[in-house]
There are 4 protein chains.
Amino acid sequence: MEQQSARLGRPRSERARAAVLHAADDLLVELGYAAMTVKGIADRAGVGRQTVYRWWSTKAEILLEASADDARQELAVEPASDPVDGLTQYLDALAVFLTRSHAGAAYRALTGEAQHDPAVAALLDGDDVIGDSARAVLGRILGEDADRGTLDQATALLIGPLFYWLFTDHDPALLDTRAMAETCHLQLVRAGEGDGAQARPAASQPL
Amino acid sequence: MEQQSARLGRPRSERARAAVLHAADDLLVELGYAAMTVKGIADRAGVGRQTVYRWWSTKAEILLEASADDARQELAVEPASDPVDGLTQYLDALAVFLTRSHAGAAYRALTGEAQHDPAVAALLDGDDVIGDSARAVLGRILGEDADRGTLDQATALLIGPLFYWLFTDHDPALLDTRAMAETCHLQLVRAGEGDGAQARPAASQPL
Amino acid sequence: MEQQSARLGRPRSERARAAVLHAADDLLVELGYAAMTVKGIADRAGVGRQTVYRWWSTKAEILLEASADDARQELAVEPASDPVDGLTQYLDALAVFLTRSHAGAAYRALTGEAQHDPAVAALLDGDDVIGDSARAVLGRILGEDADRGTLDQATALLIGPLFYWLFTDHDPALLDTRAMAETCHLQLVRAGEGDGAQARPAASQPL
Amino acid sequence: MEQQSARLGRPRSERARAAVLHAADDLLVELGYAAMTVKGIADRAGVGRQTVYRWWSTKAEILLEASADDARQELAVEPASDPVDGLTQYLDALAVFLTRSHAGAAYRALTGEAQHDPAVAALLDGDDVIGDSARAVLGRILGEDADRGTLDQATALLIGPLFYWLFTDHDPALLDTRAMAETCHLQLVRAGEGDGAQARPAASQPL
DNA sequence: AAATAAACGAGACGGTACGTCTAGTCTTTCA
DNA sequence: TGAAAGACTAGACGTACCGTCTCGTTTATTT
């Protein structure tokens, strides 16, 4: 007496799902995002085109599913005793992620696409792997009581310069990540001193 | 003693050039970058498709030519007596540019596209309107003797947070631009004190 | 024990095939062969362009497929008791075919095109509807034992004058088809008398 | 007192005219009629495109002008003592012309094109080099008193079979030209005996 | 000699078909 | 019912050529 009859019909093929995700990852590296096509992914995966469309709407969705787990793992930095060390390590991990890993290449491509495709923007907004990882690191320094707005601005302060540096195609080796971490940490401390500070443009307090 | 014999053949039509640039600008706003096509631009401009391809290779080139002049003008901020005021005004102008103006929309789209199209990346690298404008403002504070590496890092520090904020689709009104300007200015001053400092990752000095 | 399992995938659309052939026929009459385009055929047929190219390489192939069946039918002349009557009826049918029917217009165009397009020449050579029909009529007179070379020359003798007459744009009403048939028949008889004759240029025997 | 003053302006360049005609001839041989383009001719001739369009409307006109003189010369057969010899020599010359000479290739292409381009048909109708040459040969046999209709039908009878043979891409070596000439001559004699005969389909007299 | 006039080469113009590509959908058979 | 195969309509791609239209230049005749 099954309370919920098993879903009818042939169950989804895990083999097909994995093949599609792998094919997308491969093609991103081989051809780049722009040259990737749904047709190409399906052909490479040995899968019918309809099967792709049945489970994913766009190549962006495929790529996100193919990369999210890897990204989360690569951006998880264990706590350091010194806050500046922790921030520096995080920035270094982020730089490596964005410039060296497959998943990072996918995120650069998707973030780029999001600038002119609202659907991709919404997709990324719903699963902000990079932002979440940064907020996790910053949360360990600011404590549990930090509100979301403060965390968001601190995130921008921390990773913004690196983000800009890489998105304008500069060499990450030429960027002083420790200096960035120190700058960010200094602001965190200053903001903490200004008690009850609320970060709003009208007020001129630092953060 | 003619230095250059007059060019042969029918001269390029300024009318056609302007029509293409206007059409590209219009279509970017109406349809967005992804939905723009060379065919669409040519049709809208009342111009043959070959005429577009004769002078531009990609829609990115068209858009860049259509926006560069506007961008340069919108990002030119006159000197302020107080350095922090100057930086703040520049950040505000940049935020308005990227979120409100046609040319800014074009630059967001192009910078996004550059993440997965090396040709577009090269194009932007060759004419870095935003970076140039930031370096101009920072140069007024750092003086003539500032070297390029220092200027580049200062640029990242100044506009990186805003850049990240907007590229991850946040509301610019929620970002404290004056705080960003102060943070940047503080680092400029600290770096100036550390005389003969050379900003390299190995060294831990701030900038 | 199936000899051939049914083919995979969506089967070819008979609707699309028929629409293309009809469209080609219509456009030949309306515009003429030179002004026909593959694009025009596809549009008129309400069919994707790729669908046309999937099944046919050139407009010549389309036209041939559209006309071959009609041509075969229009050129089939039933046996007459008198040989000269049979030949005359065939010539009249051929004249009507080439000057009045859609299929005939297609054959004129294709034969013309074959003069400067080897691909079209090969196409017609592989399915010589007109020659086949003439050889069928002549075979009834010459008997089963006529070899191919003799049949081919008799064909040239029979329809050559009419062919030239029409291809140089003369009025078919001004040509005496019975005289042509008689001439041809006379030669057939003369050649039959010269027993064991082999038609070769070196020898001067008539056929 | 010149009644018609020499025309004003720069006179037509004989150099350009010759270069265009040569280029057309070359390209016909190299590429074939279908692949020839006005642009290609102009480029090959080192001539502006407008110069071509100023003097010729279509590539057919160019080709006709380039070939007519050669054709007339190649098809001029001197009188023979025996009529059948004369006809045979003419047919052989025509076969060589159509299959071996540049000018002949041009005529095959043009005659082909005429089947689906009325403008080309009109062009050829106005300067029927092949028909004229055949009528000249036949006129020498039939005498001055032969009327145009009789000459035309005799022409069809004489060259029709060869014409068909070559237009359906057969080897001219396999056709017995002397037999064709004899057949034609026999009919000329028979028609001559039937005094005052007028060739009309209604009547059943041979020619 | 200067003015006039037409032809010249070069090459850009708007237009349109080419044949290819991918999108996203539809229709089969097989598991 | 899902998956594979593959045909379907639709439409953009970048190229080629069309026939026309400027350009500046050249070569004549006419003043």
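Just the heavy atoms: all of them, side chains too, but no hydrogens, waters or symmetry mates, feed the values below. Chain letters run A, B, ... following the sequence lines, proteins first, then strands; residues in each count from 1.
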Exercise for review: Could you tell me the separation between the CG atom of D:L27 and the P atom of F:dC17, rounded to a whole number of Å?
Suggested key: 11 Å
Listed pairs under 3.5 Å, donor-acceptor, residues 12-25 of chain B side chains, sequence neighbours left out:
unit_1, atom_1, unit_2, atom_2, d
B:S13, OG, B:R15, N, 3.3
B:S13, OG, B:A16, N, 3.0
B:E14, OE2, B:R17, NH1, 3.1
B:R17, NE, B:E65, OE2, 2.9
B:R17, NH2, B:E65, OE2, 3.0
B:H22, ND1, B:A18, O, 3.1
B:D25, OD2, B:H102, ND1, 3.0

Study note, to complete from the structure: Distance col, row D:T58:OG1 vs D:L63:CG, nearest 0.5 angstrom, shows 9.5 Å
Revision key, fill the gap. Here the residues of residues 9-21 of chain D within 4.0 Å heavy-atom distance, strictly under, of DNA chain F are D:G9, D:R10, D:P11
Review point. What residues, two or more places apart in sequence or in another chain, satisfy side-chain hydrogen bond (donor to acceptor under 3.5 Å, both in side chains) together with B:H116?
Key: A:E113, B:E113
Exercise for review: In whole angstrom, give the distance that lies between atom OH of D:Y53 and atom C1' of E:dC8.
Suggested key: 17 Å
**Study point:** Residue pairs fulfilling ring pair (Phe, Tyr, Trp, His ring centres under 6.0 Å) with at least one residue in residues 35-59 of chain C, sequence neighbours excluded
**Key:** none
Exercise for review: Please confirm whether the backbone N or O of D:V47 pairs with a side-chain atom of D:T51, one donor and one acceptor, at under 3.5 Å?
Suggested key: no
Revision key, fill the gap. Note: contacts of residues 56-69 of chain B with DNA chain F (heavy atom, under 4.0 Å) are none
Practice item. Any chance you could measure C:L64, atom CG, to C:L123, atom CG, to the nearest 0.5 Å? Key: 5.0 Å
Study note, to complete from the structure: In short, side chain to side chain donor-acceptor pair (under 3.5 Å) pairs touching residues 103-112 of chain C with sequence neighbours left out are C:R108-D:Q115
Practice item. Indicate whether OP1 or OP2 belonging to F:dT29 is found under 4.0 Å from a side-chain N or O atom of D:R7. Key: no
Practice item. Could you pull out all residues at least two apart from D:D127 that satisfy side-chain hydrogen bond (donor to acceptor under 3.5 Å, both in side chains)? Key: D:R72
Point to revise | Set of side-chain contact (heavy atoms from CB on, under 4.5 Å) partners for B:S57, sequence neighbours left out | key: B:E61
Check your understanding: Of the non-hydrogen atoms in A:A60 and A:V120, which two are nearest, and what is the gap between them?
Key -> CB-CG2, 3.8 Å
Point to revise | Side-chain N or O of B:W55 closer than 4.0 Å to phosphate OP1/OP2 of E:dC13 | key: yes
Point to revise | Sub-4.0 Å heavy-atom contacts from residues 38-52 of chain B onto DNA chain F, ordered by number | key: B:V38, B:K39, B:R49, B:Q50
Point to revise | Euclidean distance, atom CZ of residue B:R54 to atom C1' of F:dG14 [Å, nearest integer] | key: 14 Å
Please tabulate, one pair per line, all N/O donor-acceptor pairs under 3.5 Å involving side-chain atoms of residues 26-42 of chain D, not counting sequence neighbours.
unit_1, atom_1, unit_2, atom_2, d
D:E30, OE1, D:R44, NH2, 2.6
D:E30, OE2, D:R44, NH1, 3.3
D:E30, OE2, D:R44, NH2, 3.1
D:T37, OG1, D:G40, N, 2.8
D:K39, NZ, D:D43, OD2, 3.1

